[in-house]
Amino acid sequence: MKATAKAHTNIALIKYWGKRDEALILPTNNSLSVTLDGFYTTTTVSYKPELTKDTFTLNDEVVVGEQYNRVTNFLNKVRDIAGKQLYAEVKSINAVPTAAGFASSASGFAALAAAATKAIGLSLTESELSRLTRQGSGSACRSIFGGFAEWQKGEMEDGSDSFAVPVAPKDHWDIRVAAVVLNAKMKKVSSRSGMKRTVETSPFFKGWVESIPSDLEAIKQGILERDFHKVGEVAEANCLKMHATTLGANPPFTYWLDTTMSVMQTVQELRSTGVPAYFTIDAGPNVKVLYLPQDEEKVLETLRNISGVTDVRLSRVGQGIKYLED
Ligand SMILES: O=C(O)C[C@@](O)(CF)CCOP(=O)(O)OP(=O)(O)O
């Protein structure tokens, strides 16, 4: 009753920002991401009859509180599906700077879902696994797939049709992502509370949701045609629209630091010199920069020279869930 799985984090090019159902983690809009090879979580789940509660370590540290609760609540869902009242020892190793804009919960919950279901004897389809993973953390449902994936918001009240589907495989297109690390500490406003406040109070939220279908159509066409300018332009504009909604929330908030804006401006200046590079930002100050392989040296040198940048981590397009031998 033991299994190990490895899942990579993903970066949204069309953002998930807003829930229509908090309990079931159902989104207001579809989103689309690229899975990255540079950041991943490896999780081992061992069900042990002698345990009277779940245990959880992250990078060999015992986890308690809200993070522990999210894991044990998730395992309750796995126990319900399997019809087995077994507790587990969960060990996760993150090759992702926890929080601060890196979707560490994305790779974390995808690896947990895969290992926990396999160890308890369930063999779910990728769609079933994505639908279950969504209930741990929304963006995580996209990490079941490598390459480019779209999380379809679904229409059903019970979320039975809300899960990710592959858009293009890992080897479809060799684009690169540079994660510019400005502040690897825990972020102040979590993505969960940030999107809740936005949905409930921002007058810009309606316009955000209405803009998604055309963004999605454009970016999917761009991915299939490998049109980097089209994909970059849509992704950067979509990110800016998402962050604009937070400025209209009550109370208003932003994830951006002054260094976040320096990186944004530098990327746009770089583009004006003829180097195709585009940025996207999630629920934290860190910036991710999309670029093409031939421009890697120039992009890396430019980003590293920005004051306030503490690290730049390069990624290629990554693969989906992998089960490892114990
Ligand atoms: O990844 C994206 O589409 C965009 C974001 O990263 C923010 F910019 C949202 C991530 O939200 P998540 O942490 O998945 O929320 P949960 O469902 O409340 O756990």
Side-chain angles (χ1 to χ4, degrees), residues 7-36 39 41 66-67 69-71 73-74 77 94 96-110 112-113 130-145 148-154 159 162-164 167 177 179 186-200 202 205 208-209 212 215-216 219 234-236 238-247 249 253-256 260 279-288:
H8 289 74
T9 196
N10 67 78
I11 296 298
L13 304 179
I14 303 294
K15 302 296 183 189
Y16 151 50
W17 191 247
K19 293 183 179 72
R20 67 174 195 274
D21 184 312
E22 292 274 334
L24 291 173
I25 305 192
L26 295 175
T28 48
N29 57 269
N30 288 21
S31 58
L32 182 143
S33 62
V34 58
T35 299
L36 302 182
F39 309 112
T41 302
E66 175 57 22
Q67 264 194 314
N69 295 340
R70 282 180 69 175
V71 167
N73 291 338
F74 184 76
K77 297 177 195 297
N94 255 0
V96 180
T98 302
F102 286 86
S104 52
S105 61
S107 54
F109 273 102
L112 175 65
S130 178
R131 185 168 55 210
L132 171 65
T133 304
R134 185 206 80 228
Q135 298 172 61
S137 177
S139 57
C141 79
R142 303 182 305 233
S143 279
I144 301 305
F145 300 98
F148 298 82
E150 179 182 358
W151 172 14
Q152 298 177 335
K153 67 182 177 68
S162 182
F163 47 83
V167 168
V177 175
M186 290 294 276
K187 53 185 180 262
K188 290 182 291 295
V189 181
S190 75
S191 38
R192 187 161 292 187
S193 51
M195 67 173 84
K196 187 170 191 301
R197 189 192 311 178
T198 303
V199 171
E200 290 171 352
S202 176
F205 184 69
W208 155 254
V209 175
I212 296 295
D215 281 2
L216 263 171
I219 209 162
V234 174
E236 188 169 295
N238 183 268
C239 150
L240 290 169
K241 284 185 282 188
M242 173 208 140
H243 286 273
T245 64
T246 71
L247 297 173
F253 68 103
T254 182
Y255 289 104
W256 298 351
T260 309
F279 63 78
T280 188
I281 305 161
D282 289 303
N286 297 300
V287 184
K288 290 94 181 178

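For ligands, and for the atoms within them, numbers begin at 1 and follow the listed sequence. Quick caveat, the model's predicted, so the values are computed rather than measured.
Scored by the side chain to side chain donor-acceptor pair (under 3.5 Å) test, K241 finds S211, D215 as partners (sequence neighbours excluded). Annotation: side-chain contact (heavy atoms from CB on, under 4.5 Å) contacts of S31 (sequence neighbours excluded): Y16, R142, W151.
Set against the non-hydrogen atoms of R70, the atoms of ligand 1 under 4.0 Å away are 19 (O). Atom numbering of ligand 1 starts at 1 in the shown order; those under 4.0 Å from a heavy atom of R192 are 16 (P), 18 (O), 19 (O). Ligand 1 places these atoms under 4.0 Å from at least one heavy atom of A12: 1 (O), 2 (C), 3 (O). Shown in contact with I25 at under 4.0 Å from a heavy atom are these atoms of ligand 1, numbered in order with element: 17 (O). Close approach of ligand 1 to K19 (heavy-atom distance below 4.0 Å) involves ligand atoms 16 (P), 17 (O), 18 (O).
Not a single heavy atom of S31 lies less than 4.0 angstrom from ligand 1.
Contact annotation for R142 and ligand 1: only side-chain heavy atoms (C-beta onward) come within less than 4.0 Å of the ligand. Residue S137 touches ligand 1 through backbone and side chain together, judged by heavy-atom distances below 4.0 Å. With a heavy-atom cut-off of 4.0 Å, D282 touches ligand 1 through backbone and side chain alike.
Note on ring orientation: taking the six-membered ring where Trp is involved, the planes of W256 and H243 are tilted (angle from 30° to 60°).
Residue G138 has at least one nitrogen or oxygen atom sitting less than 3.5 Å from a nitrogen or oxygen atom of ligand 1, judged on distance alone. Residue contacts with ligand 1: S139 is placed with a nitrogen or oxygen under 3.5 Å of a nitrogen or oxygen of the ligand (distance criterion only).
No more than 12 heavy-atom neighbours from other residues, nucleotides or ligands sit within 6.0 angstrom of NZ on K196.
Under the side-chain contact (heavy atoms from CB on, under 4.5 Å) test applied with T280, the options K15, E236, M242 reduce to a single match, K15.
F39 contributes atom CZ, which lies 10.5 Å from atom NE2 of H8 (distance to the nearest 0.5 angstrom). One distance of note links CG of L26 with CZ of R134; it measures 4.5 Å at 0.5 Å rounding.
In terms of heavy-atom proximity, S107 sits nearest to N94 at OG-OD1, 4.4 Å.
Evaluated by nearest non-hydrogen atom to atom 4 (C) of ligand 1, the leading choice among W151, Y255, Y16 is Y16.
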